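The structure under discussion appears below in the form of structure tokens.
Being a predicted model, the structure only gives us computed values, none of them experimental. Because only heavy atoms are used, hydrogens play no part in the values below, and waters and symmetry mates are left out as well, while side chains stay in. Order of the sequence lines sets the chain letters (A, B, ...), proteins ahead of strands, with each chain counted from 1.
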Amino acid sequence: MTQEHAGPGLAKAYRPAEVEGPIYERWLAADVFAPDGAGSRADPAKPPFVLIQPPPNVTGSLHLGHAQRSAVEDLMTRHARMQGRAALFLPGLDHASIAAQVVLDRIIAAEGETRASLGRDRYLERMWRFIGETRNLMLAQQRRVGASCDWGRLRFTMDEDSSRAVREAFARLYREGLAYRYETLINWCPGCRTSLSDLEVVATPETGTLWTIRYHLLDEATGDPDHAATISVATTRPETILGDTGVAVHPDDPRYTALVGRRVRIPFVERDVPIIADAVVDRAFGTGAVKITPAHDTDDYATGERHHLPFVDVMDDGGHISAAGGHYAGLERYAARQRILADLQSAGDLMASTPHEMVIGRCHRSHDVVEPRLKTQWFVRTKPLAEAALRATRTRRTVILPERFEKVWEHWLTDIRDWNVSRQLWWGHRIPAWYCPDGHVTVTADAAGPAACEACGRPPAELTQDPDIFDTWFSSGLWPFSTLGWPRATADLARFYPGTVMETAYDIIFFWVARMMMLGIHFMEDAPFEVVYLSGLVRDPYGQKMSKTKGNVVDPLEAIEESGADALRFSLIHGAAPGNDQKFSAEKLENARNFANKLWNAARFVLGARPSTTPPDAVRSAPDAARLGPAERWLRSRVAAAVVAADRALAEYSFGELTRVLYESIWGEYCDWALELAKVRLADETLPAADREATWWTLVEALDTYLRLLHPVMPFVTEAIWDETPRAAGDPALLIVADWPAAPPADAAAEAEVGALLELVRALRNARSEARLDPAAWLAVDVALPSSLGPAFDTLAPALERLAHARPLRRVADADALRSGAPGGLAVVAGPIEAMVHPLAAGAEAAARDRARLERELAGTETQLDGARARLADERFVAQAPAAVVERARARAAELEERVARLRASLEG
RNA sequence: GGGCGGUUAGCUCAGUUGGUUAGAGCGCAUGCUUGACAUGCAUGAGGUCAGAGGUUCAAGUCCUCUACCGCCCA
């Protein structure tokens, strides 16, 4: 594409598939994505713009949510780049520890393998092979969306730099006493065979069963069970009977006072346990007596600690009963439950069973019921870190958008509990802790491991590394600085930390944003970003979350192939507000595609309408102000308004507003009016060439500005058109690095004059339509207008004729002259302008319809006038409202009065 | 149990610090092969802004309560 082929060189319809690929290649070749690339035009005096991409999970293809977020991230990056800031959009991929294992487990299952059959080393090999395949696919998808990432700085959460950062971060936390190893009750997923953080457990309301079970008290004399003396307990989990080490009642419960201190025999495991009194027991629940299983229940754990009860773990890692469960050993936990219930039944000790509404914790990956279990795990002490994160948001060092999320942020960080970072998985960062046979712990950031046991000096050969890996969010939490080279003191780290914006979906605000804030502030002594922009979720047209299992996932590539990347981006940004979910629909996509096509065709017209006197390679400069007509001045003023509105929307991160402004300006003003007004003038050979040139340059200037404003949202089509658009001196070769436009001054007079004349065109069209006159007929129209509009009218009359399909459009002296002409005309009132349309053949029917139209208009206007008068009659309004508001109300009332008078005159005349 | 959000045209959604006549897209109706575009053009119909109360000269917008829908935390 070259300038010589401008206009005619553009195809009749915009075909994104032919345009997008080559343009992306040109951007890459020009090296404009990197803030320090050869093609960068960044001003070193301006602050850099840094957006580290939330790394998508490397496990699969991208969905519409990714496309939406890439679009928003890219929009911000491109805007900043055009403002002359060094803009870093750093891409990445996440190894997604547990999520990846779930995916790979499914794949190898289809191959007849299991994690166990492969073993750790071969499993990890298989994983690297798998992500080698998905990785390139995912990166290609991002390019198709148009993301202007600095691919040279691409990072992976499992690459060497990230590993170094993870080891260093953990070693420092350990030294500072912020990481510790401890045995306690943790969340265990038997399906994933790993512990989970509290966030990964999903509280699920379910209807279970509450069973009442009878335990036999021991005869105090013989120590044998007394078949007559029993205590009944209520439980939803009979299988945990095997781990019971106590029965508890409320200390003030008279039903049981006499039993406290007695012992009962736990059936099947034949364990004798005490009846204890503890205020934690809810007397109203079940029988008022509860079994205590300290190793399998959070509340029981605390009770067990208070009363020094033994902790008996009766399950294994796969959720089967362990050897501690006697002859139930080996049974899956729910099978064991059924067997135990049956055995209780036959023993006569199952007293009742009732449906019970309860909340069950399930694994957010596998949906297995999470088992509380006693395990030794690594924890991060979060309290001090969370306080620092709260300070950052409270002082507005970091702002969360939309602001309402700051409330949940406050709440969660205030009540935060320590973070279990150990996972019993294979795919992830190995915990850099080594244990010696004496139980000493050595933590080191050294990739080679410790030189000796820190405590007793035993050689490395006698030390064993912790088999566990880190929660995937631990490495993610370091992302804002690990990506920049930390812990090494790199130039990137100095220049690009802290970042500017963190864009992510609101559903991972705790998983991720909170951890980045905590760890960023801790290690870098400054919050990792200025703004947290939380996107909503993209749902299907019915409001459902998109998921592979539901089969309602829309592949962004399909949408791109169908309608183009720009259309997809626009449709995902248009009408969306931060933090609000949005439904994706084919109609929105189609509308966006139509918009791209509209812009394309407008450009095709403008570029093809170059006056013959203007050379094809002419350098663009501001049009000659002395030769601008009212339409040109009007357009320039409207463009200025668009720049102001776009700047405002961007400053407020209101990207839906940005697209709304641009759509309305480009389609509703530029295409619908400015181009149509210009057509006549451009074709008018009687005008001096310089006038026609000034008109054309005004159109080109406006197009150029719109392209710049729209580029961050629709980068491909704008770049393609700009390639054909005359450049100004100093413009770069590519729009992506062109300057963001500055708003030219507004022209209030031109806006008022042309605005009134366009209103006349609308009123004439309306009159013709309402009277059902022949749409093809050129109708003679007389116009009476205030003298202030005279010059603009005279200049624009030929264009107005064309737009209203009215010819001749004659200016008459005043309204009386209007009515003194031939009878049978249709009266039209448009603001301060009055007109009389003369139908070719005066029909009684048309006249009647026209009368009805005028009467409707009069009635509506009178209603408005009544309202305006009532308002002004209110003394309190006049006294208390701001003077400007009152003034506007007065002007409004005066205008309505005039309008009513004109309509009345028209009806009478 | 605690908290947050939503309820605006047939559908999907915007709506700035309260201030003219509440907007858009799609859909609908009536027309139009007007030389950039039928992926288009013109005109039109369609809303007591969930309900009730309050603050204010003025409320879709602020406050209180209610109903329904959704989400988060426990």
Margin query: What's the gap between B:C28 and B:C71 when it is taken at their C1' atoms, as a whole Å value?
Written below: 35 Å

Next item on the list: Indicate whether any N or O donor in one side chain lies under 3.5 Å from an N or O acceptor in the other, for A:Glu701 and A:Thr698.
Entry: no

Item checked: Side-chain donor-acceptor pair present, A:Ser535, A:Arg69, cut-off under 3.5 Å -> no

Note to self: Does any part of the side chain of A:Lys679, heavy atoms only, come nearer than 4.5 Å to the side chain of A:Arg802, both counted from C-beta?
What the structure shows: yes

Next item on the list: Only counting residues at least two apart or in another chain, list the ones meeting side-chain contact (heavy atoms from CB on, under 4.5 Å) with A:Thr236.
Entry: A:Leu210, A:His356, A:Met358

Checklist line | Interatomic distance where CZ belongs to A:Phe510 and P belongs to B:C71 [whole Å] | finding: 16 Å

Next item on the list: Between B:U21 and B:C49, how far apart are the C1' atoms? Round to whole Å, please.
Entry: 15 Å

Next item on the list: Would you kindly compare A:Arg856 and A:Lys588 by the position of their nearest RNA chain B nucleotide and give the one closer to the 5′ end?
Entry: A:Lys588

Notebook entry, point to check: Just how far is it from atom CZ of A:Arg853 to atom CG of A:Asn766, taken to the nearest 0.5 Å?
Noted result: 6.0 Å

Next item on the list: For A:Glu875, enumerate each residue passing the side-chain contact (heavy atoms from CB on, under 4.5 Å) test, keeping only those at least two apart in sequence or located in another chain.
Entry: none

Check: Under 4.0 angstrom, heavy atoms only, what part of the nucleic acid is A:Tyr506 near: base, sugar-phosphate, or nothing?
Finding: nothing

Margin query: Judged by each residue's nearest nucleotide on RNA chain B, which is more toward the 5′ side, A:Glu587 or A:Ala203?
Written below: A:Glu587

Next item on the list: Quick one: list whatever passes salt bridge (Lys or Arg N to Asp or Glu O under 4.0 Å) with A:Glu558, sequence neighbours left out.
Entry: none

Notebook entry, point to check: Just how far, in rounded Å, is C1' of B:G5 from CD1 of A:Ile509?
Noted result: 14 Å

Check: Between atom CZ in A:Arg660 and atom P in B:U16, what is the gap in whole Å?
Finding: 11 Å

Check: Any side-chain heavy-atom pair from A:His574 and A:Phe595 closer than 4.5 angstrom?
Finding: no

Item checked: Nucleic acid contacts of residues 881-891 of chain A, taken as heavy-atom distances under 4.0 Å to RNA chain B -> A:Ala881, A:Pro882, A:Val885, A:Arg888

Next item on the list: For nucleotides B:A38 and B:A14, find the distance between their C1' atoms and express it as a whole number of Å.
Entry: 28 Å

Each nucleotide N or O in nucleotides 7-10 of chain B that has a protein N or O under 3.5 Å away: list the pair and distance.
none

Margin query: Base contacts versus sugar-phosphate-only contacts with protein, heavy atoms under 4.0 Å: please encode nucleotides 27-43 of chain B as B, S and - from 5' to 3'.
Written below: ----S----BBSBSSSS

Checklist line | Whole angstrom value for the distance that separates C1' of B:U21 from CZ of A:Arg899 | finding: 11 Å

Next item on the list: Using the C1' atom on both, measure B:G70 against B:A50 and round to a whole Å.
Entry: 15 Å

Check: Reckon A:Asp507 touches a base, only the sugar-phosphate, or nothing at all at heavy-atom distances under 4.0 Å?
Finding: nothing

Check: Distance from A:Ser197 atom OG to A:Asp418 atom CG, nearest 0.5 Å?
Finding: 12.5 Å

Note to self: Roughly how many Å apart are B:G60 and B:G51, using the C1' atom of each and rounding to a whole number?
What the structure shows: 14 Å

Notebook entry, point to check: Between A:His411 (NE2) and B:C72 (C1'), how many Å, whole number?
Noted result: 10 Å

Notebook entry, point to check: Got a salt bridge between A:Arg902 and A:Glu898, using NZ or NE/NH1/NH2 to carboxylate O under 4.0 Å?
Noted result: yes

Next item on the list: Looking at every strand, decide which applies to A:Arg404 at a 4.0 Å heavy-atom threshold: base, sugar-phosphate, or nothing.
Entry: sugar-phosphate

Next item on the list: Any chance you could measure A:Glu685, atom CD, to A:Arg692, atom CZ, to the nearest 0.5 Å?
Entry: 4.5 Å

Notebook entry, point to check: Taking CG from A:Leu658 and P from B:G15, how many angstroms apart are they, rounded to a whole number?
Noted result: 14 Å

Please tabulate, for the side chains in residues 505-515 of chain A, all donor-acceptor contacts under 3.5 angstrom to protein atoms that are two or more places apart in sequence or on a different chain.
from     : atom 1 : to       : atom 2 : distance (Å)
A:Tyr506 : OH     : A:Asp581 : OD1    : 2.9
A:Tyr506 : OH     : A:Asp581 : OD2    : 3.1
A:Trp512 : NE1    : A:Ser476 : O      : 2.9
A:Arg515 : NH1    : A:Phe511 : O      : 2.9

Item checked: Results of salt bridge (Lys or Arg N to Asp or Glu O under 4.0 Å) for A:Arg365 - residues two or more places apart only -> none

Margin query: For A:Arg404, is the CZ atom crowded, meaning more than 12 foreign heavy atoms sit under 6.0 Å from it?
Written below: yes

Next item on the list: For RNA chain B, just give me the dot-bracket, please: Watson-Crick or G-U, both distances below 3.5 Å, ( ) intra-strand, [ ] crossing earlier pairs, | paired with another strand, . unpaired.
Entry: (((((((..((((.....[...)))).(((((.......))))).....(((((..]....)))))))))))).

Item checked: Span that lies between the C1' atom of B:A42 and that of B:G19, in whole angstrom -> 34 Å

Check: Hey, is A:Arg869 close enough to A:Glu897 for a salt bridge, meaning N to O under 4.0 Å?
Finding: yes

Checklist line | B:G25 and B:A67, which share atom name P, separated by this distance in whole Å | finding: 38 Å

Notebook entry, point to check: Of the nucleotides B:C4, B:A14, B:C72, which has the atom closest to the A:Lys407 side chain?
Noted result: B:C4

Next item on the list: Please report, rounded to the nearest Å, how far the P atom of B:C72 is from the CD1 atom of A:Ile508.
Entry: 14 Å

Check: What residues, two or more places apart in sequence or in another chain, satisfy side-chain contact (heavy atoms from CB on, under 4.5 Å) together with A:Arg899?
Finding: A:Val829, A:Glu857, A:Thr861, A:Leu903

Checklist line | Residues within residues 870-879 of chain A bordering RNA chain B, heavy-atom distance below 4.0 Å | finding: A:Arg871, A:Asp874, A:Arg876, A:Phe877

Expected list for residues 661-672 of chain A: side-chain donor-acceptor pairs under 3.5 angstrom, two or more places apart:
from     : atom 1 : to       : atom 2 : distance (Å)
A:Tyr663 : OH     : A:Asn591 : ND2    : 3.1
A:Ser665 : OG     : A:Val661 : O      : 2.8
A:Glu669 : OE1    : A:Arg638 : NE     : 3.3
A:Glu669 : OE2    : A:Arg638 : NE     : 3.0
A:Glu669 : OE2    : A:Arg638 : NH2    : 3.0
A:Tyr670 : OH     : A:Leu699 : O      : 2.7

Checklist line | Pairwise P distance for B:U61 and B:G6, with rounding to whole Å | finding: 12 Å

Next item on the list: Answer yes when A:Glu410 and A:Lys407 have at least one side-chain N-carboxylate O distance shorter than 4.0 Å, and no when they do not.
Entry: no

Check: Between A:Lys583 (NZ) and B:C11 (P), how many Å, whole number?
Finding: 11 Å

